[in-house]
Each structure stands twice: as structure tokens, then as C-alpha cells.
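Encoded as C-alpha cells, the structure appears first; notes follow it.
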Amino acid sequence: MEVKYDYDALAQDGRLTLPELPGLWKYLPLLPLQQEENIVSLGEGGTPLLRCQRMADIYGAQIEWYIKAEHLNPSGSFKDRPSSVGVSAAKEAGAEKVVIASSGNAAAATAAYSARAGMECVVFVPESTDPGKVIQAASYGATVIPVTGNYSHSYDMADLCAKRFGWPNITSTFLNPYTVEADKTVAYEIFEQLGGRFPDVVIIPIASGPLMIGAYKGFDELRHLGRVPAQQPLPAMVGVQSEQCMPITRAYLNGDAQVHCWDGTISTIAGGISDPLVGYENDGTLTLQTARASGGMMLCLTEGEIWQATQMVETKVGYYCEPTSATAIGAVSKLWNEGFLKKGATVVSVLTGHGFKYTGRRCNILQPISKVEQLEILLKKTQ
Ligand SMILES: *Cc1c(COP(=O)(O)O)cnc(C)c1O
């Protein structure tokens, strides 16, 4: 399902933003909620767009490069956008309980917004979900239920519960049209933060792709509403997957019209985008079509490349991020070397999730010392 608006009426009305409302809710006229009093907000949206020239120089990429810092949302990922709108819509519909399947971040986000709304929340997560995210979701008071197998099994459980018990399903795929609508606000913000213009390329980590499709719709709406000239091309949308789970990228590379589910075993540090799409392959096809139609593409990174990109953004920018989101950073190196990115292009990488909840890290912690003399020896050793 896709939400349609009467754009002519909206354009005539003039008040497309309501600056007095919090975060992404300032775009309420373009969001599918009837009553302002049903807004469930924790201050999501309005995240920084940070120029990262040093990293571009290190990659040798002669581009104007920005990070959209979505990990700085209240629960630590962009999923706060779909969860805020999804839970608000559920509240407006009179629900007292919601259900969600998640690879972790959406679970934490929906649990947080349910707590805020005073609603119950049932969460299904794959058994392999990072404990950092499981603990976070449970801490907000949600009932968190691990499910054996990969993400698609959790997806099925949430779907069954929604059908059997009538609970609104907030799963951030294409099941719930309200959640995809929320994702488009990323595009509105990028447009405003660039001073009222589109970037040339937007790079997004992809599970099934609602963030990419939502953002693309956001840019398209800005054109519909006359914010840019009608002939202005939309940004090229580039999606990134892990080599360990890349059903959409595989279809792109093969030139296939349709995406097939991923049946290999999955072992990746990019847990937020390891969705094999079993039973909802069409979601992947929709994303593939959007990447192609926009003049963008799909690519994948190896585990080593993902880890390197994580360290790059942490040591050269100062943003602490989960490896999943660093795929949008590592992709730039590939895209520049392959000639996809043109000299002088404006590029936005969406950093989707925070490093605080990623527990898979290993790093060298130094031995404790008691005297300053030891420090000199220690510093010589670490040089
Ligand atoms: C969910 C998630 C994604 C994938 O987003 P989709 O819109 O489901 O494709 C990317 N990065 C992080 C950190 C996520 O949690």
C-alpha cells in the first residue's frame, strides 16, 4: 500500500510545515495522521548533515560528501522515524498493543515509542540479534521474544500475530504504509540542509529497502510541490548490502527483473541489513526497481570492507556507528573507483545506526598503570 496526497491542494494551502511541532512532525501536513494530539514523539528527526571532507580526501574522492547522522535519533537509529509515525497511527486507530518483527533497531525504537504512548509492545527478533539491541528493547518494557532462524522467521511471527489478534504491525518493511511515509522526511531534511537543492547521489544500507523508497518518495514530492524545477532530476539512490546477505544486489548484478530470496547461511557484522526476504521477495523487487529508475545502483561490501569503513568514520569523523551503517561510507570508495561518482558530485551517506548498541567489537585496551614513569614506557611501546 502506498499513501497518496492531493498535492495541488497541499501546494495551494501553503502551510506544508508547522515549525512549532517537534522533529519530523513539523511535516505533519505531508504525513498520514489526522489529529495532532495523537503524535507520539521523543524528538526524532532534525538530525545533523555533516560535511566530511577529510574522509573524501583519504578515499581520493573529489566529491562534496555529507553524512546524514541518523544514528543520533533518540533510540539510536533512523528507525525512530517509522516507529514514531507507526505508533502514532496505531494510537489514532485506538490500539492498545502493537507488534513488530525486527533485526534489533526497529524493536528498540518501537518499544521506546510504545512506552511513550503507554501502549504494550510485543517484539520478535532473530535469535542472533545483538544483545545490545535486545536489552535496549526489553528495558523500555516491551515483551521481547527471540525466534529461531533468520529475520524472515521473525517477520512471519509478527505477521501471524497481527492477523490473529488484530494488533497493528509496525514492522518496518512495506507491510505498514505509515512507517514508509515517515522515512521520506529524511529527504525533506537533506533538501533543506543543502540550502534547498537535491544531492546528486544518496547512499543507504539496505535490508528490504523502505528507507530508500521513502527517501526517494520524499524527493519526488518536493518536485511535485514545486520546490525544485519540474525537469530537475531526482537523486540517484544507491543501496548497499553485505556480501553475506545480498539478495537485491545479486539481482541487480545479474540484470534480473525480480529479486529472489537469499538461502545461503548468513554470518555478518552488518546485522541490521541481513534480511533474506523469504516470503516477501517482492519488497526487494520494489527496491531494485527504485534503485534502477533513479539512475542509482545496488552494490555489496565484504566483511573486511565493512569493518574498515566503520573504523574510518569513527577515527576520521568522530561518529560512533554500528557496522551496518558504515556500509554507506565504504560504498563511496568503490563508487569513486568504479567511476560511478562524478567529480564535484554532492553525495549523502545515511549513517543509520549508533555504535553504542553494537557489542561485537574487539579493541586493544592497555594495561593499567600506577606511576607516571610507566606512562613513558607505555607510550614508547604504542608508537
Ligand atoms: C533497519 C536498518 C537498515 C535497513 O533499512 P531498511 O529500510 O529496512 O532497508 C539499515 N541500517 C540500520 C542500522 C538498520 O537498523
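One finds the CD1 atom of I306 at 7.5 Å from the OG1 atom of T324 (value rounded to the nearest 0.5 Å). With rounding to the nearest 0.5 Å, the separation of OG in S208 from CD1 in I248 is 6.5 Å.
Here the closest non-hydrogen pair linking T173 and V180 is O-CG2, 3.5 Å. When all heavy atoms of S75 and A108 are compared, the closest pair comes out as OG-C, 4.3 Å. Closest heavy-atom contact between G218 and Y188: O-CE2, 3.6 Å. Residues W25 and S88 share a closest heavy-atom pair of CZ2-OG, 3.4 Å. The two residues L288 and A251 make their nearest non-hydrogen contact at CD2-CB, 3.9 Å. Contact detail for T285 and V259: the closest heavy-atom pair is OG1-N, 3.0 Å.
No donor-acceptor distance shorter than 3.5 angstrom exists from the side chain of E243 to the backbone of C300, with no hydrogens or angles considered. Between the side chain of Y358 and the backbone N or O of C321, no donor-acceptor pair lies under 3.5 Å. No donor-acceptor distance shorter than 3.5 angstrom exists from the side chain of K97 to the backbone of V122, with no hydrogens or angles considered. A side-chain donor-acceptor contact under 3.5 Å links S152 to the backbone of V278. Looking at D220, its side chain never comes within 3.5 Å of a backbone N or O of Y216 through a donor-acceptor pair. Looking at T290, its side chain does come within 3.5 Å of a backbone N or O of L286 through a donor-acceptor pair. Not one N or O on the side chain of K79 forms a donor-acceptor pair closer than 3.5 Å with the backbone of G76. E281 places a side-chain N or O within 3.5 Å of a backbone atom of G279 that can act as its donor or acceptor partner. When atom types are taken as modelled, the side chain of S114 and the backbone of T110 share a donor-acceptor pair closer than 3.5 angstrom. Formation of a donor-acceptor pair under 3.5 Å by the E322 side chain with backbone atoms of G355 is not found in this model.
With sequence neighbours excluded, no residue forms a salt bridge (charged side-chain N to carboxylate O under 4.0 Å, His left out) with E44. With sequence neighbours excluded, the residues forming a ring pair (Phe, Tyr, Trp, His ring centres under 6.0 Å) with F191 are F198, listed by chain and number. Residues forming a ring pair (Phe, Tyr, Trp, His ring centres under 6.0 Å) with H224 (at least two apart in sequence, or on another chain): Y7. For K380, there are no salt bridge (charged side-chain N to carboxylate O under 4.0 Å, His left out) partners, not counting sequence neighbours.
A heavy-atom distance below 4.5 Å is found between the side chains of L30 and L10. Between L49 and I67 the shortest side-chain heavy-atom distance does not fall below 4.5 Å. Side-chain contact between R81 and T179 is absent, with no heavy-atom pair separated by less than 4.5 Å. Inter-residue side-chain proximity for I204 and V240 is flagged as unmet; no heavy-atom pair is nearer than 4.5 Å. Under the 4.5 Å side-chain criterion, counting only non-hydrogen atoms from C-beta, V332 is in contact with S349. The shortest side-chain heavy-atom distance between M119 and V87 falls under the 4.5 Å cut-off. Counting heavy atoms from C-beta on, the side chains of W262 and R250 come closer than 4.5 Å. For the pair T185/L31, a side-chain contact is recorded, criterion being any heavy-atom separation below 4.5 Å from C-beta on.
Heavy atoms from other residues, nucleotides or ligands lying under 6.0 Å from CZ of R227 number 12 at most. In the displayed structure, E376 atom CD is contacted under 6.0 Å by at most 12 heavy atoms of other residues, nucleotides or ligands. Other residues, nucleotides and ligands contribute at most 12 non-hydrogen atoms within 6.0 Å of the OH atom of Y178.
If you chain together hydrophobic residues whose side chains sit under 4.5 Å apart, M237 and V347 fall into the same group. Hydrophobic cluster membership differs between I145 and L160, with clusters built from Ile, Leu, Val, Met, Phe, Trp and Tyr side chains linked at under 4.5 angstrom. Note on L234: it clusters hydrophobically with V228, by side-chain heavy-atom contacts below 4.5 Å among ILVMFWY residues. The cluster map of Ile, Leu, Val, Met, Phe, Trp and Tyr, joined by side-chain heavy atoms under 4.5 Å apart, puts I213 and V238 in different clusters. Two different hydrophobic clusters hold I273 and L211 under the rule that ILVMFWY side chains link at heavy-atom gaps under 4.5 Å.
Results of the salt bridge (Lys or Arg N to Asp or Glu O under 4.0 Å) test with K26 over E192, E36, E189 single out E192 as the only residue that passes.
A donor atom on one side chain and an acceptor atom on the other are found under 3.5 Å apart for D57 and Q53. Between the side chains of K357 and N105, at least one donor-acceptor pair of N or O atoms lies under 3.5 Å. Judged by distance alone, the side chains of E70 and N73 do bring a donor and an acceptor atom under 3.5 Å apart. With 3.5 Å as the limit, one finds a donor-acceptor pair spanning the side chains of E181 and Y5.
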Start with the C-alpha distance between H71 and F356, add both sets of side-chain angles, then the distance that settles side-chain contact (heavy atoms from CB on, under 4.5 Å), and finish with yes or no.
-> CA-CA 10 Å; H71 65 301; F356 284 158; over 6 Å; no

Run the side-chain contact (heavy atoms from CB on, under 4.5 Å) check on F174 and T287 step by step: do they pass?
-> CA-CA 10 Å; F174 298 98; T287 301; 3.9 Å; yes

Audit row: L299, L335, side-chain contact (heavy atoms from CB on, under 4.5 Å) steps and yes/no | CA-CA 9 Å; L299 61 100; L335 291 168; 3.4 Å; yes

Intermediate values then yes/no, side-chain contact (heavy atoms from CB on, under 4.5 Å), E338 and M297 = CA-CA 12 Å; E338 288 170 8; M297 63 180 290; 4.2 Å; yes

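Screening residues 266-279 for side-chain hydrogen bond (donor to acceptor under 3.5 Å, both in side chains), with sequence neighbours left out, gives S242-T268, T268-E303, D275-Y280. Pairs of residues two or more places apart, or lying in two chains, that qualify as side-chain hydrogen bond (donor to acceptor under 3.5 Å, both in side chains) and include a residue from residues 307-316 are E314-R361.
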